[in-house]
Amino acid sequence: MYNAMDLTQKIYFNLMKVPKGKVITYKELAKSTNSRAYRFVGNCMKNNKFPDKIPCYKVVNSNGNVGNYSGKGGVKIKIKKLRFDGIKVVNGKIDLKRFGESLNNGGIQ
DNA sequence: CCCTTGACCAAAC
DNA sequence: GGTTTGGCCAAGG
């Protein structure tokens, strides 16, 4: 069933569970799949096959930095989308205490 | 198999 | 505070 999904698929699936107005870090997203491959999460976003289906812009660095984005428009658009979701981005950073979602116990492992 | 490559992380400097 | 360093994991060549 779910366990049959590739790690990549699990990552995508869990990412889509992040509620509007929240973000998740690469590390937490990896953890939600019961893995520690947080670097690989970045690769999955870069290789994203469904740019329109998957909200990659919600994935940020653990230190609160917005991080990178290779979609059209680059980081600027990433920030714009985050703000559109009601997330406050100050000087390229996000307050994870307020907007971070851990999704532990809700994600597919 | 071994080697390289990342949209990263935490600690050390 | 910033920058560097070593570690991390899965994919692909």
Side-chain angles (χ1 to χ4, degrees):
Chain A
M1 169 55 170
Y2 287 145
N3 309 350
M5 295 172 82
D6 304 348
L7 177 57
T8 307
Q9 296 297 315
K10 292 185 194 173
I11 289 169
Y12 288 151
F13 194 93
N14 283 350
L15 175 54
M16 288 190 281
K17 292 187 71 172
V18 176
K20 182 171 181 176
K22 296 276 184 154
V23 298
I24 191 166
T25 67
Y26 290 92
K27 188 179 181 181
E28 287 290 326
L29 186 52
K31 198 193 295 180
S32 78
T33 66
N34 204 24
S35 166
R36 279 183 266 107
Y38 41 81
R39 298 195 72 167
F40 184 64
V41 173
N43 279 327
C44 290
M45 297 304 111
K46 184 176 183 179
N47 289 331
N48 62 16
K49 307 159 188 162
F50 321 100
D52 294 328
K53 295 263 180 197
I54 300 171
C56 341
Y57 67 93
K58 286 183 177 174
V59 190
V60 302
N61 294 3
S62 293
N63 59 2
N65 238 310
V66 168
N68 217 321
Y69 190 71
S70 50
K72 188 185 177 191
V75 179
K76 275 191 177 179
I77 294 301
K78 183 171 184 178
I79 292 174
K80 212 170 190 175
K81 291 184 175 205
L82 289 168
R83 291 214 170 112
F84 188 77
D85 272 13
I87 293 158
K88 196 191 247 180
V89 183
V90 181
N91 200 352
K93 291 192 183 171
I94 295 173
D95 183 0
L96 293 177
K97 300 275 188 199
R98 292 177 55 192
F99 303 110
E101 174 74 7
S102 55
L103 251 231
N104 290 326
N105 67 7
I108 293 172
Q109 304 179 4

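For clarity, every value in this text was computed on a predicted model and none was experimentally measured. Any value given below was found using the heavy atoms of this structure, including those in side chains, with hydrogens, waters and symmetry copies removed. Below, read A as the first sequence line, B as the second, and so on, with proteins coming before strands; counting in each chain starts at 1.
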Toward the 5' end of DNA chain B, by each residue's nearest nucleotide, V60(A) or F40(A):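 This one resolves to F40(A).
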Please report the distance, rounded to the nearest Å, between [atom1] in [X] and [atom2] in [N].
X	N	atom1	atom2	answer
Y26(A)	dA10(C)	OH	P	18 Å
K31(A)	dC8(B)	NZ	P	18 Å
I79(A)	dA7(B)	CD1	P	18 Å
I24(A)	dC8(B)	CD1	P	15 Å
N43(A)	dG12(C)	CG	P	9 Å
N68(A)	dT5(B)	CG	P	18 Å
L82(A)	dA7(B)	CG	C1'	13 Å
K46(A)	dA10(C)	NZ	C1'	15 Å

Determine the contact category for [X]: base if any of its heavy atoms lies under 4.0 Å from a base atom, sugar-phosphate if only primed atoms, P, OP1 or OP2 are that close, otherwise nothing.
X	value
C56(A)	base
N61(A)	sugar-phosphate
N65(A)	nothing

State which of dA7(B), dC8(B), dC9(B) makes the closest approach to the side chain of K27(A).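 Among dA7(B), dC8(B), dC9(B), the one nearest the side chain of K27(A) is dC9(B).
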Counting side-chain heavy atoms from CB outward, which of dA7(B), dA10(C), dC8(C) is closest to Y38(A)?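 Nearest to the side chain of Y38(A) among the choices is dC8(C).
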Supply the atom-to-atom distance [X] [atom1] to [Y] [atom2], rounded to the nearest 0.5 angstrom.
X	Y	atom1	atom2	answer
I24(A)	L29(A)	CD1	CG	5.0 Å
S32(A)	N104(A)	OG	CG	7.0 Å
N14(A)	T33(A)	CG	OG1	6.5 Å

Would you say V18(A) ends up clustered with I87(A) if hydrophobic residues are merged whenever their side chains have heavy atoms under 4.5 Å apart, either directly or through other cluster members?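 No.
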OP1, OP2 of dC8(B) versus side-chain N and O of S62(A): anything below 4.0 Å?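 No, S62(A) has no side-chain N/O under 4.0 Å of OP1/OP2 on dC8(B).
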Out of E28(A), K58(A), K17(A), K22(A), which residue meets the side chain to side chain contact (heavy atoms under 4.5 Å, CB included) rule with E101(A)?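 Single side chain to side chain contact (heavy atoms under 4.5 Å, CB included) partner of E101(A) among E28(A), K58(A), K17(A), K22(A): K22(A).
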